[in-house]
Protein chains: 2
Amino acid sequence: MDSVEVPEVVVLRLPLYVRALSQLMSESIDVVSSQQLGGLLQMTPAQIRKDLSYFGRFGKQGRGYDVRFLLHELQEILGLDREWRACLVGVGRLGRAIINYPGFYRENFRIVAAFDGDRAQVGSTIGEFNVQSMDELSDTVIDKKISIGIVAVPAQQAQNVIDVLIENNIKGILNYAPVAAKVPMNIVVRNIDPVLSLQSMTFYLRELE
Amino acid sequence: MDSVEVPEVVVLRLPLYVRALSQLMSESIDVVSSQQLGGLLQMTPAQIRKDLSYFGRFGKQGRGYDVRFLLHELQEILGLDREWRACLVGVGRLGRAIINYPGFYRENFRIVAAFDGDRAQVGSTIGEFNVQSMDELSDTVIDKKISIGIVAVPAQQAQNVIDVLIENNIKGILNYAPVAAKVPMNIVVRNIDPVLSLQSMTFYLRELE
DNA sequence: ATCTGTGAAATGATTCACAGCC
DNA sequence: GGCTGTGAATCATTTCACAGAT
């Protein structure tokens, strides 16, 4: 079934489908066509059908997709049918905001530990977390079955923190630091960088003035 | 010179070059090859050269690129040689974190006004901002020459807020709300959505366990 | 009558490879 | 010898268009 490698762009779009389908379910809509879904997400019906076809045949000809069924299938494909545990590294302003952000929790991502390289921070309490030193990372990752690291340290320290996370068997990194992380191929990195987003936006705005 | 349309992927990468070049400049390195830059950013030298070639011929054969010169050129191309003013809509937890985030200011993006649809918030003070009602948006956008709107309201209200921003001549939207914004073609939207990032990451992590 | 799933075609992006220059 | 800039080639993604199912 997945003998053909799924393109990464397709994987990046699946969560959009999940979100739209959740929305539809909450509106008690139980069948949706690729046409309608495309309308919601501003994309072509053909792309949606093609994307889904990498994973199976979920639709009914002449009818469309059963919302609940497709949602469950996609959640399973993405691994969203379980809880994921993450640790946060860096408890400065940004790190604190991340801890307090309720969006992760709602989608079954749990931050279960917080670390900081600054010894002055270690031992302090943030929300319900005791801030731990980086030395404790190794044991905590194992004890708490952590598979994702969230990096919220200054740019200068980011690569080092990322290296430590990888040494400790973390396979996914959500990187808020403004650096291009160097990681082995088997590590999945996602960057969150609003400044980069703005800096590419202005290219288009500039022409308008 | 730009008679051939520049692909959007290229524009999205330019800020990465800007960042790397700034870094190099701060290290007093004044010449860099596409090879070296590729090493820093984890991309191929050919891609960098091709990207830059959409905008001009910035390098010297046998030598590479003058760091300071290329940096200035790219900043100008992206419109980063000036200050950009933005307003924030939504002063909940997320909005407050955005206001306090120093990264925008450092890169010449100024948040100069804050709005909230919730009348209970209006009139309160956050940092140096007086939270304004949405009714005041129209005048303030003009007075303060705001061209970018930062949306940090709950999903439900996001499309409405975005519509209001666009009605008031905002051309760029940095959207933190978890929705696929519907906007006319001439509006530039950038989405910041860490949950989507995690949800596509888990597809790859799932296979490892 | 409607909508999926999918090969084939079209379009878009990346990489190659080398002429030309320093 | 080293490096850019760039057409050409390759590779990837999107869109088309239609057979087949309900």
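First the proteins, then the strands, lettered A, B, ... as listed; each starts at 1.
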Practice task
Considering only NZ, NE, NH1 and NH2 on the basic side and carboxylate oxygens on the acidic side, decide whether A:Asp81 and B:Arg206 come within less than 4.0 Å.
Solution key: no

Practice task
Tell me whether the OP1 or OP2 atom of C:dT14 has a side-chain N or O from B:Gln47 closer than 4.0 Å.
Solution key: yes

Fill in the blank from the handout: B:Gln42 atom CD is separated from C:dT14 atom P, nearest whole Å, by 16 Å

Problem - With sequence neighbours excluded, residues passing side-chain contact (heavy atoms from CB on, under 4.5 Å) with B:Asp135 - result: B:Arg119, B:Ser133

Handout entry: Side-chain (B:Lys171) to main-chain (B:Ile187) donor-acceptor, under 3.5 angstrom
Key = no

Practice task
Would you jot down, in residue-number order, the residues of residues 9-18 of chain A having a non-hydrogen atom under 4.0 Å from DNA chain D?
Solution key: A:Val9, A:Arg13

Completion exercise
Comparing A:Ala46 with A:Pro7, nearest DNA chain D nucleotide closer to 5' gives the residue A:Pro7

Handout entry: Under-4.0 Å side-chain N/O to phosphate OP1/OP2 contact, A:Tyr65 with C:dG5
Key = yes

Completion exercise
In this structure, CG of B:Leu14 is separated from OG of A:Ser200 (nearest 0.5 Å) by 8.5 Å

Handout entry: Point-to-point distance, once rounded to the nearest 0.5 Å, from OH of A:Tyr65 to CG of A:Leu24
Key = 13.5 Å

Problem - Strand contacts (DNA chain D) in residues 182-193 of chain A, 4.0 angstrom heavy-atom criterion - result: none

Problem - side-chain contact (heavy atoms from CB on, under 4.5 Å) involving A:Ile48 - partner list, sequence neighbours excluded - result: A:Tyr17, A:Ser34, A:Leu37, A:Met43, A:Leu52

Practice task
Run the salt-bridge test on A:Arg190 and A:Glu8 with the 4.0 Å N-O cut-off and return the result as yes or no.
Solution key: yes

Practice task
Mark yes when over 12 heavy atoms from residues, nucleotides or ligands other than A:Gln35 sit less than 6.0 Å from its CD; otherwise mark no.
Solution key: no

Practice task
By nearest nucleotide on DNA chain D, pick out whichever of A:Lys50 and B:Gly64 is the more 5' one.
Solution key: B:Gly64

Problem - Any donor-acceptor pair under 3.5 Å from B:Arg110 side chain to B:Arg85 backbone - result: no

Exercise for the section: Applying ring pair (Phe, Tyr, Trp, His ring centres under 6.0 Å), name anything that partners B:Tyr101, two or more places apart in sequence or on another chain. Expected result: B:Phe104

Practice task
For C:dC3, take OP1 and OP2 only and decide whether either is under 4.0 Å from a side-chain N or O of A:Ser34.
Solution key: no

Handout entry: B:Gln132 and its side chain to side chain donor-acceptor pair (under 3.5 Å) partner, picked from B:Thr140, B:Asp116, B:Asp139
Key = B:Thr140

Practice task
Could you tell me whether A:Arg49 contacts a base, only the sugar-phosphate backbone, or nothing, with contacts defined as non-hydrogen atoms closer than 4.0 Å?
Solution key: base

Handout entry: Range on DNA chain D touched by chain B - first to last nucleotide, heavy-atom distance under 4.0 Å
Key = D:dG2 to D:dA8

